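To keep things clear, I will list the structure first and then write my remarks on it.
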Amino acid sequence: MPSPSTSSASPIADARLKRAWEKGVFIGFLLWTYVSLCYPLRDTDFWWHLKTGEWIVEHGFSVPQVDLYTFTEVTTPWIDLHWG
């Protein structure tokens with residue numbers, strides 16, 4: 001009689017269970033991705049992008065070097081986080 005600590009499942013059953021688990025995780029990931037992308041993307045800086053794009057066109061396609069719209073930090077260098 002086998003001891004209680006030994007597994008009675010065959011290696012084929014273990015492989016099938018592992019494969020089913022991997023499929024379930026993958027399908028769950030795809031479902032989570034789909035559901036998370038069903039909501040509209042919100043860009044809170046939309047008007048900032050439009051106004052800065054207008055400024056760039058007006059100034060000969062030069063990128064601003066200082067923050068144009070923060071009145072308390074007029075001479076602070078502008079770091080481009082959105083446009084690469």
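All figures in this text were calculated on a predicted structure; none of them were measured in a lab. Positions are given from 1, in the same order as the sequence printed here. The figures here come from the full heavy-atom set of this structure, side chains too, leaving out hydrogens, waters and symmetry mates.
Of the possible polar contacts, one joining the S36 side chain to the T33 backbone as a donor-acceptor pair under 3.5 Å is found.
Residues satisfying the salt bridge (Lys or Arg N to Asp or Glu O under 4.0 Å) test with E54, not counting sequence neighbours, are K51. Annotation: side-chain hydrogen bond (donor to acceptor under 3.5 Å, both in side chains) contacts of T70 (sequence neighbours excluded): D67. Shown here are the side-chain hydrogen bond (donor to acceptor under 3.5 Å, both in side chains) partners of E22, two or more places apart in sequence or in another chain: there are none. Listed by chain and number, the residues in a side chain to side chain contact (heavy atoms under 4.5 Å, CB included) with I27 amount to none (sequence neighbours excluded). Annotation: side chain to side chain contact (heavy atoms under 4.5 Å, CB included) contacts of L31 (sequence neighbours excluded): V35. In this view, T76 and E73 satisfy the side-chain hydrogen bond (donor to acceptor under 3.5 Å, both in side chains) rule, not counting sequence neighbours.
One distance of note links CH2 of W55 with CZ of F61; it measures 12.5 Å at 0.5 Å rounding.
Within the 4.5 Å cutoff, the side chain of P64 has heavy atoms near those of the I56 side chain. Side chains of P77 and V66 form no contact here, defined as non-hydrogen atoms less than 4.5 Å apart.
The list of salt bridge (Lys or Arg N to Asp or Glu O under 4.0 Å) pairs with a residue in residues 29-40, not counting sequence neighbours, is empty.
Counting Ile, Leu, Val, Met, Phe, Trp and Tyr side chains that sit under 4.5 Å apart, directly or through other members, F26 shares a hydrophobic cluster with L30. Think of F29 as one node in a network of Ile, Leu, Val, Met, Phe, Trp and Tyr side chains linked at under 4.5 Å; its network also takes in W32.
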